[in-house]
Amino acid sequence: MKHKHKKRTPGLPGTSAAESGTLTGTIVSVARGACTVDSGGTLLTCRIGTRLAASQDADLTVGDRVTVAIADHNTYVLHRRLPRDTVLSRSGRDESRPERVIAANIDVAVIVVSVKSPPLRIRLIDRYLAAVRRGGIEPIICVNKVDLLDERRQDTELAQLEAYRHLGIPVVACSAASGEGLGDLLALLAGKTCAFVGHSGVGKSSLLNTISPDLRLATNTLRKGDSKGRHTTTASTLYRIGDGISIIDTPGIREFGLCDIGHDELRSCFPEFDGYAAGCKFADCTHMTEPGCAVRLAVRDGEIDRARYESYRRLMGDSTPDRSADESFVCASCGEQVWPEGAGTEHRNHCPKCLHSVHLDHSPGDRAACCGGLMEPVAVWVRKGGEWAIVHRCRDCGTLSSNRIAADDNEMLLLSLAVKPLATPPFPLDRL
Ligand code: GDP
Ligand code: ZN
């Protein structure tokens with residue numbers, strides 16, 4: 001199911017009497033057969049009317065704007081759900097896992113990451129960006145826990161996020177502990193309905209508690225020991241804090257982000273590729289393995305941020321959402337999804353199936369700087385210390401490098417490389 005979002009109204013509109021005997025309001029929590037609706041600051045418990053219950057619009061969620069009919073004095077019936085501006089949803093892959101809307105009418109999703117404990121995981125940001133934008137929600141990246149960063153290292157660490165700023169996504173560095181940067185964050189949220197999303201432990205609850213101490217949300221430290229200060233409501237909730245800011249915080253939002261994203265949706269989250277993609281040889285180029293891919297060329301030439309492209313590759317290939325996508329990659333040569341396990345070494349630098357590699361690393365795992373060309377296995381060789389290695393040659397720039405053979409490398413291919421006649425070695429022996 002695709003959602004079209006035409007005009008967006010920032011914030012939740014004030015509540016007013018619509019048709020006679022009817023009120024409008026916003027759902028702040030949903031229970032079986034009933035919801036709580038905030039109508040002009042008054043909380044109304046509403047039954048879900050039979051006509052609504054029978055209709056497609058019955059999948060009500062927090063943030064939904066609705067009309068409420070007054071049945072008798074003190075009883076209210078939910079009448080109609082008004083069209084949604086945005087949705088935060090888990091995408092449905094097939095009929096057994098249909099799309100599930102987690103919240104409606106969120107203007108801004110604050111994607112929270114931390115610089116340390118847990119460490120900054122740039123690639124996770126793209127997953128969240130994709131999932132958030134799918135529903136028409138504006139993203140903000142909030143980098144929390146900057147108090148844990150050595151001041152001199154702050155700039156280098158945060159430089160990794162420049163690519164997002166260039167895409168027009170606000171990036172705010174802040175600390176729930178010291179209060180640094182929270183003013184900037186709040187300024188961006190004024191008048192908006194927001195949700196804080198992100199990996200557990202990054203400090204979402206701490207941030208919300210600092211912004212609005214009345215919330216008294218349980219943080220990780222509290223969860224471990226006593227439950228003092230724990231928020232007792234487990235149902236979905238919408239909080240109004242100062243400056244016209246509404247915050248939606250539900251269990252669904254807290255777990256959000258582990259959802260899978262369709263390839264088309266994913267591609268639309270990398271708008272900086274668009275200008276280059278027109279130059280790809282194939283109109284439906286996935287920029288993964290196709291020859292004549294202008295996007296890969298742009299990455300090689302430094303015109304597209306390499307970390308972003310790597311992130312794209314991982315998200316495209318990540319079809320097993322419950323495994324960490326961080327160290328896995330899709331082979332640029334044969335398209336195989338390669339996981340870190342089974343290599344027998346800490347890092348995987350070539351595909352165990354076709355033995356190809358990509359010209360990226362200076363040292364194992366740095367995924368840093370080089371030209372990004374495909375590296376062909378040209379020989380097997382023994383290194384100093386008796387360690388067996390594959391010699392790779394970059395198809396683009398000709399660089400040679402050697403790579404330790406992994407425990408699960410394709411034996412037949414290794415063997416065929418090993419028996420290549422050494423009379424005509426495919427690399428200059430004197431330079432090894
Ligand atoms: P959540 O799972 O995203 O809601 O994260 P929590 O708010 O529960 O925070 C996880 C842990 O990080 C807790 O132990 C917090 O005390 C700690 N924490 C949160 N924000 C900060 C911060 O800005 N600086 C530091 N040093 N610790 C923080
Ligand atoms: Zn391409």
Notebook entry, point to check: Should Leu60 and Leu52 count as side-chain neighbours, where that means a heavy-atom distance under 4.5 Å?
Noted result: yes
Next item on the list: Please round to the nearest 0.5 Å and tell me the distance separating atom NZ of Lys353 and atom OG of Ser333.
Entry: 9.5 Å
Check: Does the side chain of Tyr309 come within less than 4.5 Å of Phe273's, by heavy atoms?
Finding: yes
Margin query: Tell me whether Arg296 contacts the main-chain N or O of Met288 through its side chain, where contact means a donor paired with an acceptor under 3.5 Å.
Written below: yes
Item checked: Any Phe196 side-chain heavy atom under 4.5 Å of Leu207 side chain -> yes
Item checked: Value rounded to 0.5 Å, distance of CD in Glu272 from CG in Asp305 -> 7.5 Å
Next item on the list: For Arg47, enumerate each residue passing the salt bridge (Lys or Arg N to Asp or Glu O under 4.0 Å) test, keeping only those at least two apart in sequence or located in another chain.
Entry: none
Notebook entry, point to check: Any side-chain heavy atom of Leu161 within less than 4.5 Å of one from Ile125?
Noted result: yes
Item checked: Candidates Val62, Leu88, Val87 - the one meeting side-chain contact (heavy atoms from CB on, under 4.5 Å) with Val101 -> Val87
Next item on the list: Write down the atom of Leu167, the atom of Pro271, and the distance for their closest heavy-atom approach.
Entry: CD2-CG, 4.2 Å
Next item on the list: Answer yes or no: is there a side-chain heavy-atom contact under 4.5 Å between Phe282 and Pro291?
Entry: yes
Notebook entry, point to check: Of Glu387, Arg383, His392, which is the lone residue that meets side-chain hydrogen bond (donor to acceptor under 3.5 Å, both in side chains) with Ser402?
Noted result: Arg383
Next item on the list: Please test Leu189 against Asp243 for side chain to side chain contact (heavy atoms under 4.5 Å, CB included), starting from the C-alpha separation and ending with a verdict.
Entry: CA-CA 8 Å; Leu189 304 183; Asp243 260 350; over 6 Å; no
Checklist line | Euclidean distance, Tyr128 OH relative to Ile141 CD1, rounded to 0.5 Å | finding: 12.5 Å
Next item on the list: Please determine which of Arg313, Arg308, Arg133 meets the salt bridge (Lys or Arg N to Asp or Glu O under 4.0 Å) test together with Asp126.
Entry: Arg308
Item checked: Nearest atoms (heavy-atom pairs only) where Gly181 meets Val172 -> O-CG1, 3.6 Å
Next item on the list: Write down the atom of Ile390, the atom of Pro377, and the distance for their closest heavy-atom approach.
Entry: CG2-CB, 3.7 Å
Notebook entry, point to check: Would a distance-only check, ignoring hydrogens and angles, find a side-chain to backbone donor-acceptor pair under 3.5 Å from Arg81 to Asp64?
Noted result: no
Next item on the list: Check Ile248 against Ala103 and note the closest heavy-atom contact, atom names and distance.
Entry: CG2-CB, 4.2 Å
Item checked: CA sep, side-chain torsions, deciding dist, call: Glu376, His356, side chain to side chain contact (heavy atoms under 4.5 Å, CB included) -> CA-CA 5 Å; Glu376 294 174 287; His356 280 67; 3.9 Å; yes
Item checked: Cys280 and His287, any side-chain heavy atoms less than 4.5 Å apart -> yes
Check: What residues, two or more places apart in sequence or in another chain, satisfy salt bridge (Lys or Arg N to Asp or Glu O under 4.0 Å) together with Asp150?
Finding: Arg152
Notebook entry, point to check: Between Ser357 (side chain) and Asn349 (backbone), is there a donor-acceptor pair under 3.5 Å?
Noted result: yes
Next item on the list: Decide yes or no on side chain to side chain contact (heavy atoms under 4.5 Å, CB included) for Thr237 and Asp249, but give the supporting numbers first.
Entry: CA-CA 6 Å; Thr237 328; Asp249 185 47; 5.9 Å; no
Item checked: Heavy-atom donor-acceptor pair, Asn144 side chain to Val202 backbone, under 3.5 Å -> yes
Check: Between the side chain of Ser212 and the main-chain N/O of Leu208, is any donor-acceptor distance below 3.5 Å?
Finding: no
Check: Salt bridge or not for Asp85 and Arg65, using N-O below 4.0 Å?
Finding: yes
Margin query: To the nearest 0.5 Å, what is the distance between CG on Asp107 and SG on Cys194?
Written below: 7.0 Å
Check: Charged N to carboxylate O below 4.0 Å: is that the case for Asp59 and Arg100?
Finding: no
Notebook entry, point to check: If you look at every heavy atom in Ala71 and Val77, which pair is closest and at what distance?
Noted result: CB-CG2, 3.9 Å
Notebook entry, point to check: Less than 4.5 Å apart, any side-chain heavy atom of Val299 and any of Glu310?
Noted result: no
Margin query: Could you measure the distance from the CG atom of Leu238 to the OG1 atom of Thr250? Nearest 0.5 Å is fine.
Written below: 10.5 Å
Item checked: Closest approach of Ile27 to Cys35 (non-hydrogen atoms, all atoms of both residues) -> CD1-SG, 4.0 Å
Checklist line | Main-chain N/O of Gly198 paired to Lys204 side chain as donor or acceptor, under 3.5 Å | finding: yes
Next item on the list: Would you give the length of the straight line joining atom CD of Glu180 to atom CG of Leu185, rounded to the nearest 0.5 angstrom?
Entry: 12.5 Å
Margin query: Do Arg84 and Asn105 have side chains that approach each other closer than 4.5 Å (heavy atoms only, starting at C-beta)?
Written below: yes
Notebook entry, point to check: Going through the distances and angles, do Ile245 and Ile211 end up as a side chain to side chain contact (heavy atoms under 4.5 Å, CB included)?
Noted result: CA-CA 11 Å; Ile245 303 173; Ile211 291 170; 5.9 Å; no
Notebook entry, point to check: Do you see a donor-acceptor pair shorter than 3.5 Å between the side chains of Thr67 and Thr22?
Noted result: no
